[in-house]
There are 2 protein chains.
Amino acid sequence: MIIEISTKQLTGALTKVQKTLPSSSHIPVLNMIKICATDSVVTFTTDDSKNSTSYEVPVGDGESVSIEQEGSVLVPKVFMEMVKKLGKGVRIEVRNNTTSDIGKLIKICSTDEKINSQIELQGLCTDEYPISISTNEKPTLTMSGAVLTSMIKRTVFAASTNESMAILTGVHICIKNGSLNFTSTDRHRLAFVSTKVDTIEELGNGIVVPASVLDDFSKVVNEEDSADLYFLDNKFIVKTGCMTFCTTVIEGIYPDTSKILVPKDQAKYHFILNRKEFIASLERINLIAKGTKRSAASTLTIQPAAESILVEDDNSDVGKIKEEIFVKGLIGEVLKVCYNTEYMIKALEAKTTPNVHFSFTSNVQPIVIRPDDEDDLDYQIILPFRSSN
Amino acid sequence: MIIEISTKQLTGALTKVQKTLPSSSHIPVLNMIKICATDSVVTFTTDDSKNSTSYEVPVGDGESVSIEQEGSVLVPKVFMEMVKKLGKGVRIEVRNNTTSDIGKLIKICSTDEKINSQIELQGLCTDEYPISISTNEKPTLTMSGAVLTSMIKRTVFAASTNESMAILTGVHICIKNGSLNFTSTDRHRLAFVSTKVDTIEELGNGIVVPASVLDDFSKVVNEEDSADLYFLDNKFIVKTGCMTFCTTVIEGIYPDTSKILVPKDQAKYHFILNRKEFIASLERINLIAKGTKRSAASTLTIQPAAESILVEDDNSDVGKIKEEIFVKGLIGEVLKVCYNTEYMIKALEAKTTPNVHFSFTSNVQPIVIRPDDEDDLDYQIILPFRSSN
């Protein structure tokens, strides 16, 4: 393999695939990055045995890539840092290692004449590297990259981080009646987002994709590209732009969460408030709790007379804080509800509308947060604490 | 105490004093920030029992501070984060706590009408807080803040981090023949910087100031201000702009380092090279070593015939790297010298001239690095490794 590639293209590609490069795998080949050059494209691949990312740099994309000789090689991690320090571009030449069957010698030099550096890295041949799953079939559905990342960001945070409940560490993805639904829950809160999609496929039971993997993925997607989604046997594949991302789904049956949502018309308490104003108040309140070791709980008291809610934390040794927030459309009596402040902040941050609608049936029943303008296509549920006072 | 102050002034002052606020001291009052308001100035102070920083905000500096009632109080750490979230400015009102003799209640509200937040923090009275050392005397010397921070940055890195050699964890500061000298060493390398100062004082034995403390201090100094330096009994005080910084010197006798420097005319090997070019080469070489666990050593070979040096690392499992750097004024035979790559990078970064002069007597004698244009006012010494080849 002999290629010349610009540093910009190269570091761009390496950054995209970096998330699924394991920090230290006991399988040596997985600690390396696969580079494969065919006549028209150079592909960079990483694989942590459960997830893999490939990024393609096509020839003819400006003059930034040229392929003199096809081939493939596994390069060590140091390659990523090294190329950043070699000026505008690099020439990579791979030769067989005369002392080893599987070893390869990777000669790297800068295309910058000023940089007089001769580098020889120890590579490996690609025979033992996992084979990429080919997806030449028609995708299950195609959607906007921006919508996909938004759906990921608005659900991943509510998944459990407790590995003993493996199924809850994932986001449940299903297709029902022409809607793509994302659900996540850690038993104390739940996030749900739904969007209409153009597909005739049904995937009622859905699949469960690790939340941390989706989160990493959402950070490297180019939101302007469209995304092709493939739901295979035990794999979930997304192709977007030059990138192909593949993850192994979590085995098991996701709990039925459809019964948790209390329909709006059955709730006794309702109010609408300004989302950003409430987040700012909760952040101040959260600071008081951070001064102590206990979990960050705060209370809200519905004040129908003043058409407001009083948000407060007065349990701290550090001090106390009280904020009054004026609300609209208040229905219900005086009531005090106690909840985890950080969960409330995260739930509000996952919304996009200026105002949000709160509803609940009592101070021990789930708090449901909906956008002001939509019905049940996007909601967050938080279970309140049972407060002593 | 009742004051109103803009968030900008307040967070500016708190940032300046933050470095000497201990993360968790067993003396409760030291975990707090002292605020003292007199008729013309509000002073913020932190103290970690060895070092302290004060920052003064004078009244009349725009309309950003006003003092309604003089007084002083200790505020908890959460105050720092809290004020950032309270809009343009805050009103701080301190009252006695009716249930405690030393307790104070600190009422904080935003001067922004939109922020309807009532905060009450638990403060303490300032009686048990360490008294600031007053320095109304004439300073030992006055110098430019920019020169002071430059001298600090060019020496602190070479101090030892090994607490078992306490004296070497400091920077030795002395005044001799109208020059202010900074020296630091960890026995394997040495950094020395000297500058002419306008003082008749002599301080031949000098004092030793903790390097980590000087490093923190150099990050908050405003380089445009001038700096007044006070050398007291066991304290070193710097007053610069609105800030007063005080540290306890390290007890003990600093080793005599004056004999380590080999005069230029006694060295056998000499060459001059481009500093930034050499740093870039060493950084590439250092990456190869980082792939392995061993300490980052590289070698340079003097090549008189080519008027160049060959820098390389070929001991790594990851690969090898070789760079040729053309030099000027080369004197000496073919010779291979082995050294710690990171020490060499740090030493070169501590220089400011485009070219640097290297000299040494043999490959086991100290390597001396001087600026190209000056003599012995600024040098770095690195002890080479004894290499097997």
Side-chain angles (χ1 to χ4, degrees), chain A residues 31-32 75-87 97 103-110 112 114-123 274 276-277 279-292 308-314 316-326, chain B residues 31-32 75-87 97 103-110 112 114-123 274 276-277 279-292 308-314 316-326:
Chain A
N31 291 317
M32 303 182 91
V75 299
K77 269 177 200 158
V78 68
F79 178 79
M80 286 200 290
E81 293 305 310
M82 191 60 86
V83 293
K84 284 183 198 160
K85 299 196 178 280
L86 286 170
N97 191 334
K104 297 268 184 185
L105 278 188
I106 307 158
K107 290 200 143 198
I108 303 166
C109 59
S110 173
D112 233 316
K114 283 184 212 152
I115 299 176
N116 189 9
S117 188
Q118 294 166 46
I119 301 165
E120 232 175 64
L121 296 183
Q122 300 287 350
N274 181 292
K276 289 205 171 148
E277 198 184 315
I279 292 177
S281 288
L282 289 167
E283 280 177 344
R284 288 187 285 268
I285 287 170
N286 206 18
L287 284 175
I288 288 274
K290 273 188 188 157
T292 63
S308 72
I309 59 166
L310 188 72
V311 196
E312 62 190 316
D313 181 348
D314 60 2
S316 169
D317 308 334
V318 178
K320 41 189 169 181
I321 178 162
K322 211 183 264 187
E323 308 225 353
E324 190 171 9
I325 296 172
F326 294 96
Chain B
N31 292 318
M32 303 183 92
V75 299
K77 268 175 202 161
V78 69
F79 178 78
M80 286 198 292
E81 294 305 310
M82 191 62 86
V83 293
K84 284 182 198 160
K85 298 196 179 278
L86 287 170
N97 190 332
K104 297 267 184 188
L105 278 188
I106 307 159
K107 292 200 141 198
I108 303 166
C109 58
S110 172
D112 234 317
K114 282 185 214 154
I115 299 177
N116 188 10
S117 185
Q118 295 168 46
I119 301 166
E120 233 176 62
L121 296 183
Q122 299 287 349
N274 181 292
K276 290 205 172 151
E277 198 184 316
I279 292 177
S281 288
L282 289 167
E283 281 177 344
R284 286 187 286 267
I285 288 170
N286 207 18
L287 284 176
I288 287 275
K290 273 187 188 159
T292 64
S308 72
I309 60 167
L310 188 71
V311 196
E312 61 189 316
D313 182 347
D314 59 4
S316 169
D317 308 333
V318 178
K320 41 190 172 178
I321 179 164
K322 212 183 261 187
E323 308 224 354
E324 188 171 9
I325 296 171
F326 294 95

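Heavy-atom distances place both the backbone and the side chain of B:K322 under 4.5 Å from chain A. Both the backbone and the side chain of A:K85 come within less than 4.5 Å of a heavy atom of chain B.
Comment: B:R284 engages B:E323 in a salt bridge, judged by a side-chain N to carboxylate O separation of less than 4.0 angstrom.
The side-chain hydrogen bond (donor to acceptor under 3.5 Å, both in side chains) check on A:E277 picks up nothing, with sequence neighbours excluded. With sequence neighbours excluded, no residue satisfies side-chain hydrogen bond (donor to acceptor under 3.5 Å, both in side chains) with A:Q118.
When each of B:I119, B:L86, B:L105 is scored by its heavy-atom pairs under 4.5 Å with chain A, the top score falls to B:I119. By number of non-hydrogen pairs under 4.5 angstrom with chain B, the leading residue of A:E120, A:K84, A:E81, A:E283 is A:E120.
In terms of heavy atoms, A:I108 sits closest to A:L121 at CD1-CD1, 3.6 Å.
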